[in-house]
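Heads up: the structure comes next, in structure tokens.
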There are 2 protein chains.
Amino acid sequence: MSETRPSSIREIADRLGVSTATVSNALRGKGRVSPALALQIRAEAETLGYVPDHAARALRTGKSNTIGLLVPNIGQPLFPAFAQAIERAAKQRGLAVLIGDSEGDPAQQDFEIRNMIARGVDALIIIPTRGTTVMPKSFSVPVAIIDSAATAGNIAASDHREGGRKVARHLIELGHDKLLVLAGPENSLVARERVEGMCEIFVSAGIQPTLKYSDATLEAGSVLGRELDLGRFTACAAAYDALAIGFALAVRDRGYSIPQDISLTGFDDLMWAQIVSPPLTTVRQDLEAVAIHALSFVTGEADASRIFPTDLVVRQSTARPSAFSQGDKNAE
Amino acid sequence: MSETRPSSIREIADRLGVSTATVSNALRGKGRVSPALALQIRAEAETLGYVPDHAARALRTGKSNTIGLLVPNIGQPLFPAFAQAIERAAKQRGLAVLIGDSEGDPAQQDFEIRNMIARGVDALIIIPTRGTTVMPKSFSVPVAIIDSAATAGNIAASDHREGGRKVARHLIELGHDKLLVLAGPENSLVARERVEGMCEIFVSAGIQPTLKYSDATLEAGSVLGRELDLGRFTACAAAYDALAIGFALAVRDRGYSIPQDISLTGFDDLMWAQIVSPPLTTVRQDLEAVAIHALSFVTGEADASRIFPTDLVVRQSTARPSAFSQGDKNAE
DNA sequence: CTGTTAGCGCTTTCAC
DNA sequence: GTGAAAGCGCTAACAG
């Protein structure tokens with residue numbers, strides 16, 4: 001049932017009366033081996049069910065053909081999509097992926113980085129946990145940071161700022177002028193870029209939005225939706241879908257409706273955005289492109305940092321402000 | 001900036017004029033080394049920033065301290081939660097996790113299994129992709145299958161059947177008697193167990209539910225919700241949350257309301273279940289427990305297959321059937 | 001207690 | 001074209 005010891009290159013060599021070097025060459029098509037012999041060797045390898053020993057090869061060559069992927073929290077939406085894209089791209093290049101989860105903890109992130117390097121990964125792709133800075137230069141393997149354009153050493157990211165601008169333009173075109181911005185965590189560079197993009201447009205349209213900082217969670221969104229004076233706003237732009245959805249839930253409980261009483265936008269286009277009611281207007285990132293570029297960078301196929309465009313996805317949570325909805329009615 | 005060659009056990013040995021064996025012993029606290037020397041060695045290792053070479057150790061000991069985790073589709077909800085639980089448990093044991101995604105494709109699943117074994121994982125945890133059977137005995141490393149109690153070789157699973165029973169009892173207690181069951185894919189053992197559990201209770205209450213098979217997706221649920229003759233049912237029990245939510249969306253578009261016109265239940269307790277309106281009554285699995293048991297099994301800490309209980313989570317999508325809602329009104 | 005000696009399975013000069 | 005030999009860095013026997 002279970003094999004004894006898996007057969008080695010030596011076994012093949014002995015059975016064919018050749019040297020291990022020749023077998024190695026034949027199997028990898030590297031050094032010069034006569035076609036006839038090579039064929040014979042490959043056949044023998046086949047029948048023996050030979051599988052190269054990964055550890056031995058790694059020890060000898062110094063390459064493990066393994067990359068490390070470090071995410072802040074694989075349980076949170078969005079990160080699995082990244083992981084999948086990276087895994088797929090890695091597999092295609094014959095690389096395996098060692099996964100690490102920082103669980104939002106900078107200390108664990110540190111530990112994981114060290115651990116993965118110690119395990120001999122050839123490269124590291126890191127999505128830094130909020131509020132941390134990773135210096136790629138300080139490691140002995142290539143490291144790609146996926147975060148925001150503003151992050152030091154960032155290699156691949158979506159254009160969060162432009163995404164924010166798109167949201168803001170959309171809202172302004174609809175005629176909104178009393179803006180609430182759910183800005184997310186103050187220490188998140190991604191959130192900051194999104195918010196700055198929004199504010200840039202709002203301000204240049206003569207609007208001074210109200211900013212509220214909080215965690216990027218459903219719960220935080222609910223708290224804000226429950227406590228804020230909604231009459232003061234015609235629209236709310238959130239830096240995260242989760243925040244927007246939490247907000248929507250709370251606001252609905254208070255008897256307000258979206259988008260009639262207040263328009264709402266999110267950011268990320270999670271699966272959730274499509275199933276809440278009303279479906280959420282939000283911004284979609286091209287995670288696949290970001291993932292592939294990060295991987296290409298660490299494998300040396302690409303050599304520059306890149307920022308990828310985002311798309312505004314307009315759904316039913318945004319509409320023109322209704323003239324008679326709230327206290328002030330300067331709209332229209 | 002970047003290191004030259006990382007320092008080896010030999011370097012420490014030379015600098016201290018001892019043998020590599022002694023250094024190895026001291027560093028791992030294994031063989032007998034005088035406390036004083038051990039201390040000195042550890043200090044030197046520290047200042048040199050010594051990190052053991054993983055490949056060399058793996059080659060020598062035949063253990064990589066790495067396990068492989070193979071999931072059907074990491075992009076789908078639920079699997080990330082598993083992955084996180086397993087990663088956490090693995091880390092705690094000093095194991096790293098190599099992740100593989102079958103992308104729902106049996107051929108890729110096969111490939112991944114082989115690949116991971118070739119890469120020298122010490123064990124494999126596999127959540128089989130729908131419609132496939134994995135024979136743990138046929139591999140050279142310990143393998144834990146996470147699927148359903150009915151799966152050959154299953155090592156850890158939730159009690160899907162009992163979960164199905166809980167849903168059915170809940171619906172019957174509320175007074176429902178015209179049942180629609182969204183049964184999910186016919187070739188899924190998990191779905192089958194859930195549905196069988198439901199039917200068991202329904203039938204013994206004298207009710208013959210209507211079964212509809214489909215993919216386990218939101219879209220499939222929507223299609224069913226759009227096409228079925230809803231007047232014939234007082235309640236709908238879905239084998240997956242995604243199915244239930246898709247169904248809810250379609251049904252709402254047709255002007256029916258949940259739970260007034262029809263009660264609805266899901267299965268899995270995805271994050272979604274809490275944010276749809278109305279929040280979904282569903283069944284929650286203890287993924288953490290399942291994950292830990294699977295890992296314990298492959299590490300030899302546990303030696304038997306185990307099935308874990310599930311919880312019915314009652315929310316607002318289920319209620320007593322209203323007497324005047326549909327065509328027939330035998331309820332109450 | 002500590003050192004010597006063998007390799008683990010593979011790749012890589014370097015001879016032949 | 002092919003083979004011999006030398007390790008990669010580590011650990012496990014076995015001596016001393």
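Below, chains carry the letters A, B, ... as their sequence lines are ordered, and counting in each starts from 1.
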Practice task
Can you sort out which residues in residues 33-45 of chain B have a heavy atom within less than 4.0 Å of DNA chain C? Ascending by number, please.
Solution key: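 Heavy-atom cutoff 4.0 Å gives B:Val33, B:Ser34, B:Leu37.
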Handout entry: A:Arg114 atom CZ: more than 12 heavy-atom contacts under 6.0 Å
Key = no
Practice task
Verify the neighbour count for atom CZ of A:Arg119: are there more than 12 heavy atoms of other residues, nucleotides or ligands below 6.0 Å?
Solution key: yes
Let me confirm one number: the [atom1]-[atom2] distance from [X] to [Y], rounded to the nearest 0.5 Å.
| X | Y | atom1 | atom2 | value |
| --- | --- | --- | --- | --- |
| A:Ile127 | A:Ile145 | CD1 | CD1 | 10.0 Å |
| A:Asp53 | A:Ser8 | CG | OG | 9.0 Å |
| A:Glu87 | A:Leu295 | CD | CG | 11.0 Å |

Distance only, no hydrogens: is a donor on one side chain within 3.5 Å (strictly under) of an acceptor on the other, for [X] and [Y]?
| X | Y | result |
| --- | --- | --- |
| B:Gln84 | A:Asn73 | yes |
| B:Asp159 | B:Gln285 | no |
| B:Thr299 | B:Ser296 | no |

Handout entry: B:Phe308: ring pair (Phe, Tyr, Trp, His ring centres under 6.0 Å) partners, not counting sequence neighbours
Key = B:His293
Practice task
Salt-bridge test for A:Asp14 and A:Arg10: reply yes if a basic N is under 4.0 Å from a carboxylate O, no otherwise.
Solution key: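 Salt bridge: yes.
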Problem - Bend angle of the helix from C:dC1-D:dG16 to C:dC16-D:dG1, end axes from five pairs each (to 10°) - result: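 If I round to tens, the end axes sit 40° apart.
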Completion exercise
Outermost contacting nts on DNA chain C, any atom under 4.0 Å from chain B heavy atoms, listed 5' then 3', are C:dC1 to C:dG9
Exercise for the section: Take nucleotides 9-16 of chain D nucleotide by nucleotide from the 5' end and write B, S or -, depending on whether a protein heavy atom sits under 4.0 Å from the base, only from the sugar-phosphate, or from neither. Expected result: BBBB----
Problem - Residue pairs fulfilling side chain to side chain donor-acceptor pair (under 3.5 Å) with at least one residue in residues 123-135 of chain A, sequence neighbours excluded - result: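 Residue pairs passing side chain to side chain donor-acceptor pair (under 3.5 Å), neighbours aside: A:Gln109-A:Thr132, A:Arg130-A:Tyr240.
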Problem - Flag side-chain contact, heavy atom, 4.5 Å: B:Leu48 against B:Glu11 - result: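 The answer is yes, as the side chains (C-beta and beyond) meet within the 4.5 Å cut-off.
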Practice task
Give B:Gly17 one of three labels, base, sugar-phosphate or nothing, depending on what nucleic acid heavy atoms sit under 4.0 Å from its own.
Solution key: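 The residue B:Gly17 makes sugar-phosphate contact but no base contact.
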